[in-house]
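Everything below concerns the one structure shown next.
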Amino acid sequence: MPSEFDLIQRYFSRATRNATLGVGDDAALLPVSPGTELAVSTDTLVAGRHFFADADPYGVGWKSLAVNISDMAAMGAQPRWALLAITLPQADEIWLQEFSKGFYTCAEAQGVELVGGDTTSGALACSITILGEVPAGVALRRDTAKNGDDIWVSGWLGAAALGLTALQGKITLPADALAMCRAALDRPVPRVELGIALRNVAHATIDISDGLLADLGHILERSQLGAELLFDELPAHPTLTHFLDQPWARNCLLAGGDDYELCFTAPPHRRGEITAIGDRLQLALTRIGSIKKIPGLQVLDGAGQTIIIDKSGYDHFA
Ligand code: ADP
Ligand code: MG
């Protein structure tokens, strides 16, 4: 049986370039750039709740880091370092090897370094702490939306939720659509470059982890404002569009989680700059509604009628 130290040594000890001291001491030492603030966040993924217990370990490694990096994107921060606290039912080295590969592939793609963590035994779960840097004073927050702002969203929505619906056996998808939706669900790509480009442009920003209505709802609540969304403008993922006459599909679009796109608000005079950012990043940026003074979130159809007023979305304790 490998010891805890063997496992750390084998799977979580790759050399670092941007840390003074990484894995192996009592703490990591990180050279924080002058003039920046540290953005720090933690997210836990629990087997059976956030991923299937028998899920492909490479995907679990990728996604557990990607969702944390997404929080940095939503702050306009450059993700730099991560800590990994992993709890394992047993020392399954094949599982660990694949998990570690997925984790490091995502880390390298995003310029993040694993600098420490903890390894314990118990029910399968992994908790990651991510640290990023953002020039002092320009971080993107939830509580800074302004009345009259446009509401924007990046990419396409609903593919991850559609993939989950298919995996749960509720619908059947053609093989190519299923593959696309599974990729969206298992390998989300955090919008780090977009977050950085939106510094000094967007007013408020959030990443969509629990669904558009729920996450936009957090901006509204923190900013003490309301919003109108135009249903017909929402960028539904192409695999979802032809299901949209069905309520469950509209739910994927409005309340499906796990897309990890950014939702942000910005004043109308920034439209040109935002369109240019989308062109430069080759990323669809869509204007989906506007911020209103009166609290509440309304979704309007093409005729201007309210079609949904409650905000659903995933609540961990519901
Ligand atoms: P301590 O007893 O001081 O907490 P540990 O034995 O838990 O130290 O960890 C030894 C070293 O390995 C520390 O530098 C810690 O940050 C690192 N480490 C432990 N588990 C992980 C992991 N899963 N990923 C990355 N680094 C880890
Ligand atoms: Mg420890």
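Ligands are counted one by one from 1 in listed order, and the atoms in each one are counted from 1 as well. For the single chain, residues carry numbers from 1 onward in sequence order.
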Could you tell me if the side chain of Val112 sits less than 4.5 Å from the side chain of Ile130, heavy atoms only?
yes
Are the side chains of Ile288 and Trp152 in contact, using a 4.5 Å heavy-atom criterion?
no
Under 3.5 Å side-chain donor-acceptor pair for Ser290 and Glu228:
no
With heavy-atom distances below 4.0 Å as the criterion, list the atoms of ligand 1 near Asp118.
7 (O), 19 (C), 20 (N), 21 (C), 22 (C), 23 (N)
Check: of Val23, Ile8, Ile128, Asp25, min heavy-atom distance to atom 13 (C) of ligand 1 comes from Asp25
Do the side chains of Glu261 and Leu157 get nearer than 4.5 Å, heavy atoms only?
yes
Between ligand 1 and Phe5, is the shortest N or O to N or O distance under 3.5 Å?
no
If you take the nearest heavy atom of each of Gly116, Ala28, Gly24, Ser127, which one is closest to atom 25 (C) of ligand 1?
Gly116
Evaluate Leu84 for polar contact with ligand 1, using N/O atom pairs at a separation under 3.5 Å.
yes
Output yes when Asp56 and Arg187 qualify as a salt bridge under the 4.0 Å nitrogen-oxygen rule, no when they do not.
yes
Heavy-atom check, side chain of Arg191 versus side chain of Ser70, under 4.5 Å:
no
His203 pairs by side-chain hydrogen bond (donor to acceptor under 3.5 Å, both in side chains) with which of Asp149, Thr265, Asp150?
Asp149
Ile86 neighbourhood, listing ligand 1 atoms whose heavy-atom distance to it stays under 4.0 Å:
23 (N)
Can you check whether Leu114 has an N/O within less than 3.5 Å of an N/O in ligand 1?
no
Could you list the atoms of ligand 1 found under 4.0 angstrom from a heavy atom of Thr119?
19 (C), 20 (N), 21 (C), 22 (C), 23 (N)
Can you name the atoms of ligand 1, numbered from 1 with element, that are less than 4.0 Å from a heavy atom of Asp26?
3 (O)
